[in-house]
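First the proteins, then the strands, lettered A, B, ... as listed; each starts at 1.
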Amino acid sequence: MLDRLVGLAMLAIACTVFLYYTIWTLLMPFVDDDHLLHSFFPPRVWAIRIPVILILLGTAVVGSFLGVVMIQSNRKKAAKAKAAKKA
Amino acid sequence: MTKAQQTISIGLLVASLYLVCLLGLVPFPAKIQEELIPVLPFWTIVSFGSYLLFKLGWGVLFFNDVPEAHKELMLQIDQARKELTAKGVDVD
């Protein structure tokens with residue numbers, strides 16, 4: 001039951017993000033500046049800043065995770081080699 | 001032609017077409033050139049990401065439990081573990 005909710009939430013988020021971002025980047029330039037629709041969207045610079053920031057954050061997180069796992073695995077290998085030498 | 005070569009050549013083609021549009025070598029209306037073309041790569045990345053998330057969510061939503069396959073998989077994992085340990089491979 002819970003996983004179906006998670007799946008449904010992922011679907012909803014994906015659709016919302018796609019629609020919002022498409023309207024923001026592809027439709028808003030052609031809407032008059034005094035239309036009501038502009039009140040729903042931040043200035044368009046943020047349409048570029050937010051994905052760039054998220055990509056940089058994502059790369060940093062993935063890179064740190066990779067680094068931590070590699071360091072741990074190296075330490076395990078070194079410990080094992082030491083133990084094998086002693087024995 | 002390998003799959004990698006194919007993907008790289010399609011990628012290069014799309015990139016060069018986009019570069020031509022970005023550098024103003026194609027006469028677009030001013031509004032499109034200033035506002036629309038610079039955002040296109042970001043729009044494709046965001047749309048691709050949301051498509052992947054959609055596909056994942058759809059799969060999670062409509063994947064039904066398969067208890068027999070689960071049992072069979074657990075048995076195969078145990079079997080593989082025994083065989084590999086017998087041959088001296090380290091399995092945690």
Side-chain angles (χ1 to χ4, degrees), chain A residues 1-33 35 37-38 41-59 61-62 69 72-73 75-81 83-84 87, chain B residues 7 11 14-15 17-24 26-71 73-74 81 84-92:
Chain A
M1 193 58 219
L2 178 66
D3 51 345
R4 292 206 196 276
L5 282 176
V6 167
L8 198 61
M10 284 161 76
L11 275 178
I13 293 176
C15 289
T16 318
V17 162
F18 173 71
L19 280 171
Y20 188 82
Y21 197 75
T22 303
I23 295 180
W24 197 8
T25 56
L26 302 188
L27 191 64
M28 285 292 109
F30 302 106
V31 170
D32 290 328
D33 284 330
H35 196 280
L37 213 54
H38 277 281
F41 298 96
R44 276 180 93 248
V45 261
W46 289 105
I48 304 217
R49 282 184 193 163
I50 294 182
V52 168
I53 291 176
L54 288 176
I55 287 177
L56 289 175
L57 265 173
T59 317
V61 163
V62 168
V69 164
Q72 276 181 347
S73 138
R75 242 186 241 154
K76 264 191 217 161
K77 216 197 275 181
K80 215 181 270 181
Chain B
T7 315
V14 170
L17 282 173
Y18 177 69
L19 201 61
V20 162
C21 294
L22 189 65
L23 294 175
V26 177
F28 284 114
K31 188 121 219 220
I32 293 187
Q33 180 71 39
E34 292 306 313
E35 302 260 358
L36 202 82
I37 293 191
V39 264
L40 278 181
F42 299 100
W43 178 78
T44 46
I45 293 177
V46 170
S47 312
F48 183 59
S50 56
Y51 167 71
L52 291 177
L53 189 65
F54 183 88
K55 226 172 163 223
L56 270 175
W58 186 270
V60 168
L61 189 59
F62 288 114
F63 189 83
N64 298 313
D65 282 341
V66 275
E68 295 127 23
H70 176 261
K71 247 180 267 170
L73 186 62
M74 289 293 135
R81 214 177 240 157
L84 285 173
T85 340
K87 292 195 176 159
V89 176
D90 177 28
V91 282
D92 334 284

Just wondering, are more than 12 heavy atoms of other shown residues or ligands nearer than 6.0 Å to CZ in B/Arg81? no
Given A/Pro51, A/Gly7, A/Ala9, the one with more heavy-atom pairs under 4.5 angstrom with chain B than any other is A/Gly7
At a 4.5 Å cut-off on heavy atoms, which part of A/Ile55 comes close to chain B: side chain, backbone, both, or neither? side chain
A/Val52, A/Thr25, A/Ile50 screened by side-chain contact (heavy atoms from CB on, under 4.5 Å) with B/Phe42, the one that passes: A/Val52
Under a 4.5 Å cut-off applied to non-hydrogen side-chain atoms, are B/Phe63 and A/Asp3 in contact? no
Sequence neighbours left out, cut at 3.5 Å: what donor-acceptor pairs do the side chains of residues 49-62 of chain B make with other protein atoms?
from, atom 1, to, atom 2, distance (Å)
B/Ser50, OG, B/Val46, O, 3.2
B/Ser50, OG, B/Ser47, O, 2.9

Strictly by salt bridge (Lys or Arg N to Asp or Glu O under 4.0 Å), give each pair with a member in residues 35-46 of chain B just once, sequence neighbours left out. A/Arg44-B/Glu35
What is the distance from atom CE of A/Met28 to atom CG of B/Leu36, rounded to the nearest 0.5 Å? 13.0 Å
B/Phe48 vs A/Phe18 side-chain heavy atoms within contact, under 4.5 Å: no
Measuring heavy-atom distances to chain B, does A/Pro29 have an atom under 4.5 Å in its side chain, in its backbone, in both, or in neither? both
With a 4.5 angstrom heavy-atom cut-off, is it the side chain or the backbone of A/Thr22 that approaches chain B, or both, or neither? both
